[in-house]
Amino acid sequence: MMNSSEMKKVTPIAARYIKENLSRQTQAVILLHDLLKEEFSLLLDRRPQEVTAVELSLQELMRQIRNERLALKGLVAEARPEAERVRDILDILPPVEGLREEMEALLQEMDDVEQAGARQAEKNRQLVLGLFDQSRRTLEFMHDQIRPKVENGYSKKGMMARATNQRPSLLEGRL
């Protein structure tokens, strides 16, 4: 293991790329959280077409965030191959005034917004499951209401089926 004086330092250009990547990711995570809140609002208003559009936007944004994270992982690995996170390379950043503090602030903001987004996503999930359950029960109720109470009412051919329990009746025939 190298001591701190022998450690490879992050170049100023690489540090700038890392900071820009963190900034883009932070903005993307904030947008993700806002879209999750919008989705929740649309779910409450029961506007499925708009929910679908927001859901597609969420999927695309998550794909872009994944690409940014992969790029950042490559930048971090270049700086220190054994490092897995940006926090692992903060000690080898160039001595640019405020750089380390800015990166730490971006990391903290991203973490806070990700936590809020996770809570919002859980609320959305609970609401969707509740709406699904409510719709399923409503549909079952409607089917129960239109399903003939007497199973021998009509045959498969659409004609009146003969009852298995033949009792005398006043009328018998077709309408």
Side-chain angles (χ1 to χ4, degrees), residues 17-77 83-88 103-175:
Y17 288 157
I18 291 169
K19 183 180 155 209
E20 288 171 355
N21 185 295
L22 287 174
S23 180
R24 285 190 304 272
Q25 280 191 57
T26 300
Q27 294 304 312
V29 171
I30 290 169
L31 178 59
L32 182 69
H33 182 247
D34 291 345
L35 284 172
L36 285 168
K37 288 192 294 189
E38 182 179 344
E39 180 185 44
F40 185 78
S41 170
L42 293 170
L43 285 167
L44 284 177
D45 293 343
R46 296 183 183 201
R47 294 168 39 198
Q49 298 299 331
E50 290 91 346
V51 170
T52 301
V54 170
E55 188 63 35
L56 291 172
S57 297
L58 284 165
Q59 296 290 331
E60 176 60 23
L61 184 58
M62 289 172 58
R63 186 189 66 76
Q64 291 173 7
I65 291 171
R66 185 200 70 218
N67 290 343
E68 287 290 336
R69 294 217 167 146
L70 289 173
L72 182 62
K73 188 172 185 167
L75 291 169
V76 169
E84 293 185 17
R85 304 173 52 188
V86 174
R87 292 187 198 281
D88 297 338
M103 284 191 181
E104 286 175 340
L106 285 169
L107 288 167
Q108 186 59 49
E109 181 181 9
M110 194 181 340
D111 189 48
D112 293 344
V113 176
E114 281 179 352
Q115 294 300 319
R119 287 189 297 274
Q120 185 65 50
E122 179 59 23
K123 283 173 57 177
N124 291 10
R125 188 183 75 80
Q126 292 293 329
L127 180 57
V128 166
L129 290 175
L131 290 172
F132 170 75
D133 190 47
Q134 180 184 32
S135 295
R136 184 181 47 78
R137 280 189 266 128
T138 301
L139 193 58
E140 286 172 358
F141 173 77
M142 289 171 52
H143 280 153
D144 288 344
Q145 294 301 307
I146 62 172
R147 188 176 300 127
K149 304 293 184 245
V150 179
E151 293 293 324
N152 60 2
Y154 291 95
S155 71
K156 292 179 184 177
K157 295 179 182 177
M159 301 182 69
M160 195 65 158
R162 297 275 176 197
T164 56
N165 183 5
Q166 291 286 341
R167 291 193 279 200
S169 60
L170 292 176
L171 296 173
E172 185 176 308
R174 299 180 189 172
L175 293 176

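Scope of the values below: all heavy atoms of this structure, side chains included, with no hydrogens, waters or symmetry mates. None of the values given here were measured: they were computed from a predicted structure.
From M110, atom CE reaches atom CZ of R24 across 11.0 Å, with rounding to the nearest 0.5 Å. Here L35 contributes atom CG and L61 contributes atom CG; the two are 6.5 Å apart, rounded to the nearest 0.5 Å. Atom CG of L70 and atom NZ of K73 lie 7.5 Å apart (nearest 0.5 Å). In this structure, the separation between CD1 on I65 and CD on E114 is 8.0 Å, given to the nearest 0.5 Å. Atom-to-atom distance recorded for E68:CD and R63:CZ is 10.5 Å, nearest 0.5 angstrom. The distance from the CE atom of M142 to the CD atom of Q145 is 9.5 Å, given to the nearest 0.5 Å.
Checked by atom type and distance alone, the side chain of S57 pairs as donor or acceptor with a backbone atom of A53 at under 3.5 Å.
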Show your working on side chain to side chain contact (heavy atoms under 4.5 Å, CB included) between L44 and L127 and close with a plain yes or no.
-> CA-CA 8 Å; L44 284 177; L127 180 57; 3.8 Å; yes

Quick one: do D112 and Q108 satisfy side chain to side chain contact (heavy atoms under 4.5 Å, CB included)? Show the steps, please.
-> CA-CA 6 Å; D112 293 344; Q108 186 59 49; 2.8 Å; yes

Candidate pair E109 and I30, rule side chain to side chain contact (heavy atoms under 4.5 Å, CB included), full reasoning = CA-CA 9 Å; E109 181 181 9; I30 290 169; 3.5 Å; yes

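Enclosure of atom CD in E60 by more than 12 non-hydrogen atoms of other residues, nucleotides or ligands within 6.0 angstrom is indicated. Summarising the local packing, CD of E20 is surrounded by more than 12 heavy atoms from other residues, nucleotides or ligands at distances under 6.0 Å. Atom CZ of R85 is surrounded by 12 or fewer heavy atoms from other residues, nucleotides or ligands within 6.0 Å.
The two residues S23 and L106 come nearest to each other via the heavy atoms N-CD1, 4.0 Å. For L72 against N21, the heavy-atom pair with the smallest separation is CB-OD1, 3.5 Å. Closest of all the heavy-atom pairs between F40 and Q120 is CB-NE2, 3.3 Å.
Judged as a side-chain hydrogen bond (donor to acceptor under 3.5 Å, both in side chains), the pairs with a partner in residues 129-138 (not counting sequence neighbours) are, in order, R46-Q134, D133-R136, D133-R137, R136-E140.
Counting heavy atoms from C-beta outward, D88 and V76 have side chains that stay 4.5 Å or more apart. Residues E38 and L42 are in side-chain contact: their nearest non-hydrogen atoms beyond the backbone lie under 4.5 Å apart. Residues N124 and L36 form a side-chain contact, since some pair of their non-hydrogen atoms from C-beta on lies under 4.5 Å apart. Using a 4.5 Å heavy-atom cutoff, the side chains of V29 and H33 are not in contact.
In this structure, the side chain to side chain contact (heavy atoms under 4.5 Å, CB included) partners of Q126, at least two apart in sequence or on a different chain, are E122.
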